[in-house]
Amino acid sequence: MNKILKEQFLIDNLSDAQQHVIADMNTYIAQHLAKKDHAVAVIQGAAGTGKSVVLMQLVKQYMTNKRFKTALVVNHPELYKAYQDMAEAFPGLNPKAIRRPTALINDAQKNHRQYDVIFVDEAHLLYSKSEPYAHYRGNNQLTDLMNLAKVVVVVYDFNQVFQSKMYWSQDLLRKTISQHPHRQFDLDFQYRMVASPAQVDWLDRLTAQQPLTPFPNDSPFEFEVFATAGELYEKIKAQNQAVGLSRVVATSGFPRIDGRHNVEMDTFSLPWDEWDPQRTHWAKRESSITQVGTIYTLQGFDLNYVGMIIGPSFGYDPKTDQMTIIPEKYSHKEIFKKRQDMQFTAAQYQNFIANVLNVLIKRGKYGLYLTAYDDALRQRLLALQTK
């Protein structure tokens with residue numbers, strides 16, 4: 001099995017909290033496998049709290065046991081590749097049992113298939129509306145999956161919701177599962193990053209447009225603000241050479257220059273990542289050091305170091321001393337698609353954009369290097385660094 005994937009998803013030394021959650025979930029799953037109802041187990045936690053680690057322990061237990069009819073579902077194309085890689089090297093786990101949700105739902109409904117357990121990673125990426133362009137004609141993928149299985153185990157992080165077609169909230173989840181037996185299993189300890197709670201809180205406050213303060217210096221986590229994206233890139237290349245898995249990432253909003261679809265700032269100019277049919281996922285490809293990563297290639301993956309370029313859709317308000325979000329400068333319009341069944345407020349659209357930044361700045365295990373396209377925001381972050 002690939003060493004990087006094993007270290008991320010199948011760790012040997014589980015914490016007491018993780019072991020406790022797994023034991024409780026095993027009891028819950030066993031109870032409902034013996035019944036005819038359609039039960040739901042919700043694993044909930046913020047980025048880096050080990051949700052996928054807990055899920056994969058359950059996958060390992062149930063999906064390698066031929067007594068059970070099971071499937072693992074993930075709607076993230078890069079994460080899907082990673083799970084396919086693991087399955088090929090995992091004794092007893094059939095790669096064909098790992099599916100994208102639309103493919104599994106359409107196949108199961110057409111052929112009247114039923115499951116004992118369906119596992120869903122990154123369930124906040126399930127469609128909560130019809131999406132005919134993607135060949136999904138139902139109204140809610142979680143509802144469809146519940147109807148196909150005795151037990152559905154779903155992983156949710158509501159701070160990773162950033163598109164209207166995949167909109168989920170606590171209220172929508174409760175409404176969707178309210179007619180079925182359900183239980184929530186919470187994870188709240190940060191495992192990915194070596195950062196302290198105060199440092200993680202600083203990142204959350206930044207993206208929540210709270211007043212800016214100096215970054216706490218109370219852990220081995222490395223944090224540095226750069227005056228130019230060019231300098232940041234040199235640092236990331238050096239770390240990638242030294243320890244690997246170090247990448248530049250950015251949020252949307254960079255203008256096209258002479259037709260180039262690049263992230264361009266001072267001396268820095270690199271193309272965005274692009275969907276690639278090759279099996280190796282973006283985070284693991286060495287060639288991706290010459291591209292800029294996005295939420296679409298990095299959600300769900302760990303890096304060692306992240307070089308974050310905060311894009312033009314983020315500015316600075318000196319009166320409140322806060323980073324601000326400027327939705328009209330956010331160029332990825334999927335975020336703003338209308339829905340017939342619900343209306344979104346301006347604040348909710350801002351939250352979608354904030355969530356993208358929050359996910360990206362928490363990808364790095366050992367460090368975060370930061371710069372901003374907006375001059376005022378960048379200067380304020382640099383000034384805070386010297387205090």
Side-chain angles (χ1 to χ4, degrees), residues 21 24-25 28-29 31-33 35-47 49 51 54-55 58 71-76 100-102 104-106 108-109 114-115 117-188 299 334-356 358-359:
V21 168
D24 281 354
M25 294 192 70
Y28 182 83
I29 292 170
Q31 288 173 346
H32 290 281
L33 282 174
K35 300 177 181 180
K36 293 185 179 180
D37 52 20
H38 299 273
V40 184
V42 181
I43 304 172
Q44 188 172 322
T49 53
K51 300 183 298 298
V54 168
L55 183 75
L58 296 168
L72 170 62
V73 168
V74 60
N75 204 26
H76 191 293
R100 301 287 293 276
T102 298
L104 181 135
I105 290 166
N106 290 346
Q109 290 176 343
Q114 289 289 311
Y115 293 84
V117 189
I118 294 176
F119 299 96
V120 188
D121 201 2
E122 306 281 351
H124 38 268
L125 300 181
L126 291 174
Y127 293 138
S128 55
K129 64 179 285 290
S130 177
E131 195 65 21
Y133 180 78
H135 307 292
Y136 175 65
R137 292 174 173 80
N139 294 316
N140 184 307
Q141 288 189 322
L142 178 55
T143 298
D144 290 340
L145 292 169
M146 287 189 297
N147 291 333
L148 296 174
K150 291 182 180 179
V151 182
V152 178
V153 179
V154 292
V155 172
Y156 270 92
D157 177 0
F158 297 102
N159 290 324
Q160 296 195 46
V161 173
F162 51 85
Q163 284 194 42
S164 61
K165 66 184 178 183
M166 300 167 181
Y167 176 74
W168 287 96
S169 65
Q170 287 276 12
D171 288 343
L172 180 57
L173 177 60
R174 281 193 292 266
K175 181 180 178 182
T176 303
I177 67 178
S178 62
Q179 301 303 312
H180 298 273
H182 57 274
R183 182 176 167 189
Q184 183 170 305
F185 300 83
D186 292 315
L187 294 170
D188 57 11
Q299 190 174 23
E334 282 291 315
I335 279 183
F336 306 109
K337 273 193 172 179
K338 306 294 184 184
R339 289 180 58 152
Q340 294 182 344
D341 59 331
M342 63 179 69
Q343 300 293 320
F344 295 101
T345 65
Q348 284 175 306
Y349 284 126
Q350 286 201 19
N351 285 339
F352 291 164
I353 297 170
N355 287 347
V356 171
N358 192 277
V359 168

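With hydrogens and angles disregarded, no donor-acceptor distance shorter than 3.5 Å links the side chain of Asn140 to the backbone of Thr176. Checking side-chain atoms of Ser164 against main-chain N and O of Lys338 turns up no donor-acceptor pair under 3.5 Å. Judged by distance alone, the side chain of Tyr136 and the main-chain N or O of Asn139 form a donor-acceptor pair under 3.5 Å. Of the possible polar contacts, one joining the His38 side chain to the Ala149 backbone as a donor-acceptor pair under 3.5 Å is found. Formation of a donor-acceptor pair under 3.5 Å by the His124 side chain with backbone atoms of Asp157 is found in this model. A distance-only check finds a donor-acceptor pair linking the side chain of Tyr28 to the backbone of Val40 [under 3.5 Å]. Listed for the Gln141 side chain is a donor-acceptor partner under 3.5 Å among the backbone atoms of Tyr127.
Listed here is the closest heavy atom pair of Leu187 and Val21: CD2-CG2, 3.8 Å. The two atoms that bring Leu55 and Val153 nearest to each other are CD1-CG1, 3.9 Å, heavy atoms only. Between Asn355 and Val161 the shortest heavy-atom distance is ND2-O, 2.8 Å. Here the shortest heavy-atom pairing between His32 and Pro181 reads CE1-CB, 3.6 Å.
If you take OG on Ser169 and CD on Gln348, they are separated by 8.0 Å, rounding to the nearest 0.5 Å. For the atom pair CZ of Phe119 and CD1 of Ile43, the computed distance is 8.5 Å after rounding to the nearest 0.5 Å. With values rounded to the nearest 0.5 angstrom, Gln160 atom CD is found 7.5 Å from Leu125 atom CG. Here the straight-line distance linking atom NZ of Lys175 with atom OG of Ser128 works out to 11.0 Å at 0.5 Å rounding. To the nearest 0.5 Å, atoms CG (Leu142) and CG (Asn147) are separated by 9.5 Å. His76 NE2 to Met166 CE: the interatomic distance, rounded to the nearest 0.5 Å, is 9.5 Å.
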Exercise for the section: List the steps and the verdict of side chain to side chain contact (heavy atoms under 4.5 Å, CB included) for Ile177 and Met146. Expected result: CA-CA 8 Å; Ile177 67 178; Met146 287 189 297; 3.8 Å; yes

Practice task
Take Val54 and Val155, measure what side chain to side chain contact (heavy atoms under 4.5 Å, CB included) needs, and give me the verdict at the end.
Solution key: CA-CA 10 Å; Val54 168; Val155 172; over 6 Å; no

Problem - Worked verdict on Asp37 versus Lys150 for side chain to side chain contact (heavy atoms under 4.5 Å, CB included) - result: CA-CA 6 Å; Asp37 52 20; Lys150 291 182 180 179; over 6 Å; no

Problem - Test log, rule side chain to side chain contact (heavy atoms under 4.5 Å, CB included), inputs Tyr167 and Lys129 - result: CA-CA 9 Å; Tyr167 176 74; Lys129 64 179 285 290; over 6 Å; no

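Within a 6.0 Å sphere centred on CD of Gln343, heavy atoms belonging to other residues, nucleotides or ligands number 12 at most. Shown here is Gln179, whose CD atom has no more than 12 heavy atoms of other residues, nucleotides or ligands within 6.0 Å.
Just one residue in the list Tyr156, Phe352, Phe158, Phe162 forms a ring pair (Phe, Tyr, Trp, His ring centres under 6.0 Å) with Trp168, and that residue is Tyr156. Checking Ile105, Val120, Asp144, Thr102 one by one against Leu126, the side-chain contact (heavy atoms from CB on, under 4.5 Å) holds for a single residue, Val120.
Residues Leu104 and Leu148 have side chains in contact (heavy-atom distance under 4.5 Å, counting atoms from C-beta outward). The closest side-chain heavy-atom distance from Gln184 to Gln170 is below 4.5 Å. Proximity of Arg100 to Asn75: side-chain heavy atoms (C-beta onward) are separated by under 4.5 Å at one or more points. Counting heavy atoms from C-beta outward, Asp24 and Arg183 have side chains that approach closer than 4.5 Å.
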